[in-house]
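Here's the structure, in structure tokens; my notes come after.
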Amino acid sequence: MGGLGWKSRSKVTFILGIIVTLSCPITQAARILVVPVDGSHWINMKILMEELILRGHSITVLCSSAHWYIKERPDLYQTIIVQAQENIEAPSKKEVMEKLVLMSLDRLQNSHTLWGNIMSQIRMVMFRYNFHRLYQYFNMAIFENKTLLNQFENANFDLILTDPIFGTGPMLAYYLKVPLVYNIRWQIIGEAHFLTAPSPLSYVPLPGSLLTDTMDFLQRTENVIYSLFQHLISEFLMYPLYNEICHQYLGPDTDIKSILLR
């Protein structure tokens, strides 16, 4: 009888041990390099970072010295600041906001026709193109700085969390050979879904087209025209800016599109 009681108590202890073990949260702290985009995009990234820090992860933020909202917080994360070139004149926060408001109002007034919508899209694309062109100086400053690249390699980051709208994070992840996580679906030219997943234009409207997933023949034709327009902008305007960086620093056989599709 004594032996049976001992065995019973052992089983209870064993079961309780398993329950306690499984109920305890098990996390492995990761070293994460965050490559954000300033402005409203930083708000979303900041929320994700705060949650990651609460879970014990180590965060390093990479940003330009010409930042607007990104702040240094040594109590929460390490900040690596890449100095902006002094001879590059970047637009101020006020100028950017005024331009965006004016273009949004223009689009509301003129988007009732296909031609008006396309012209509004062209103005928006040129505005974004100038930002992408300016951002290449930031990308070049990173890849030209061998000391900084060695610092990244020695840090042994487990992954890169990035806002992919300017391509810096994807290119760094390719260079460092680490996993990549996006915080938004918007990539260099538009919605990432169209680049990475089947997107039949008869049912999937492009962002900015003001169409829904229920389209008649004319609306589907309009959606195809928007798609062709975005494809031309991607292949002949936006991607070549990044392909120059890729060819120079990541290898002659690399291009930004293949990096985004990794």
Side-chain angles (χ1 to χ4, degrees), residues 25-84 132 135-188 192 195-196 241-262:
I26 301 173
T27 58
Q28 182 177 358
R31 293 178 295 274
I32 303 173
L33 175 62
V34 176
V35 186
V37 170
D38 214 335
S40 60
H41 288 232
W42 169 246
I43 299 173
N44 175 43
M45 183 66 84
K46 185 181 177 184
I47 293 171
L48 292 176
M49 288 169 49
E50 289 171 348
E51 289 298 321
L52 289 169
I53 291 168
L54 285 175
R55 285 161 172 75
H57 300 291
S58 173
I59 303 293
T60 301
V61 176
L62 175 67
C63 65
S64 168
S65 60
H67 52 75
W68 297 339
Y69 296 108
I70 300 173
K71 305 297 183 184
E72 294 185 60
R73 291 289 305 274
D75 57 320
L76 295 178
Y77 52 80
Q78 179 186 359
T79 307
I80 298 176
I81 298 178
V82 177
Q83 292 299 319
H132 283 282
Y135 224 82
Q136 300 319 303
Y137 294 104
F138 175 66
N139 291 331
M140 285 190 290
I142 293 171
F143 286 104
E144 286 286 348
N145 191 334
K146 301 303 180 186
T147 302
L148 179 60
L149 293 177
N150 288 334
Q151 180 181 344
F152 289 153
E153 291 174 345
N154 294 332
N156 294 318
F157 290 112
D158 296 299
L159 66 89
I160 289 180
L161 173 63
T162 186
D163 188 317
I165 195 169
F166 286 119
T168 307
M171 289 192 293
L172 266 177
Y174 181 87
Y175 179 85
L176 296 173
K177 297 179 175 60
V178 297
L180 179 67
V181 177
Y182 294 153
N183 74 320
I184 59 172
R185 299 189 308 175
W186 197 265
Q187 289 182 343
I188 290 171
L195 182 64
T196 58
L241 288 174
Y242 291 90
N243 288 339
E244 291 182 18
I245 305 291
C246 293
H247 295 162
Q248 185 172 355
Y249 301 105
L250 304 178
D253 297 328
T254 56
D255 60 82
I256 191 62
K257 191 173 182 179
S258 64
I259 288 175
L260 293 174
L261 287 170
R262 287 177 62 223

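Side-chain atoms are counted along with the backbone in the values below, which use heavy atoms only and exclude waters and symmetry mates. Keep in mind that this is a model prediction, so the values were computed, not measured.
Here Phe143 pairs with Tyr175, Tyr249 under the ring pair (Phe, Tyr, Trp, His ring centres under 6.0 Å) rule; sequence neighbours left out. For Tyr135, the ring pair (Phe, Tyr, Trp, His ring centres under 6.0 Å) test picks out Phe138, Phe166, with sequence neighbours left out.
Atom CG of Asp253 and atom NE2 of His247 lie 8.0 Å apart (nearest 0.5 Å). Atoms CD1 and OH, from Ile245 and Tyr137 in turn, are 10.0 Å apart once rounded to the nearest 0.5 Å. Ile59 contributes atom CD1, which lies 11.0 Å from atom CD of Glu50 (distance to the nearest 0.5 angstrom). Atom OG1 of Thr168 sits about 5.5 Å away from atom CD1 of Ile142, to the nearest 0.5 Å. From Leu148, atom CG reaches atom CD1 of Ile81 across 12.0 Å, with rounding to the nearest 0.5 Å. In this structure, the separation between CD on Gln78 and CD on Glu72 is 10.5 Å, given to the nearest 0.5 Å.
The side-chain heavy atoms of Tyr69 and Ser40, taken from C-beta on, include no pair separated by under 4.5 Å. Contact annotation: the side chain of Leu260 approaches that of Tyr182 to within less than 4.5 Å [non-hydrogen atoms, C-beta and beyond]. At a threshold of 4.5 Å between non-hydrogen side-chain atoms, the residues Leu172 and Leu62 count as touching. Proximity of Cys63 to Val35: side-chain heavy atoms (C-beta onward) are nowhere separated by under 4.5 Å. A 4.5 Å side-chain heavy-atom check between Leu161 and Leu52 finds at least one atom pair inside the cut-off. A heavy-atom distance below 4.5 Å is not found between the side chains of Val178 and Leu159. Between Ile80 and Phe152, some side-chain heavy-atom pair lies under the 4.5 Å cut-off.
The two residues Asn183 and Pro164 make their nearest non-hydrogen contact at OD1-CD, 4.2 Å. Nearest heavy atoms, Trp42 versus Lys71: CZ2-N, 4.5 Å. Counting all heavy atoms, side chain and backbone alike, Gly56 lies closest to Ala29 at O-CB, 3.2 Å. The two residues Cys246 and Ile259 come nearest to each other via the heavy atoms SG-CD1, 3.7 Å.
Side chain of Gln136 to main chain of His132: a donor-acceptor pair is present (N/O by atom type, distance under 3.5 Å, no hydrogens or angles).
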Open item on the list: Applying side-chain contact (heavy atoms from CB on, under 4.5 Å) to Leu176 and Ile160, what does each step give before you reach the verdict?
Closed with: CA-CA 10 Å; Leu176 296 173; Ile160 289 180; 4.2 Å; yes

- [ ] Tell me, with the steps shown, if Thr60 and Arg31 meet side-chain contact (heavy atoms from CB on, under 4.5 Å).
- [x] CA-CA 8 Å; Thr60 301; Arg31 293 178 295 274; over 6 Å; no

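Under the side chain to side chain donor-acceptor pair (under 3.5 Å) criterion, the residue pairs touching residues 146-163 are His41-Asp163, with sequence neighbours excluded.
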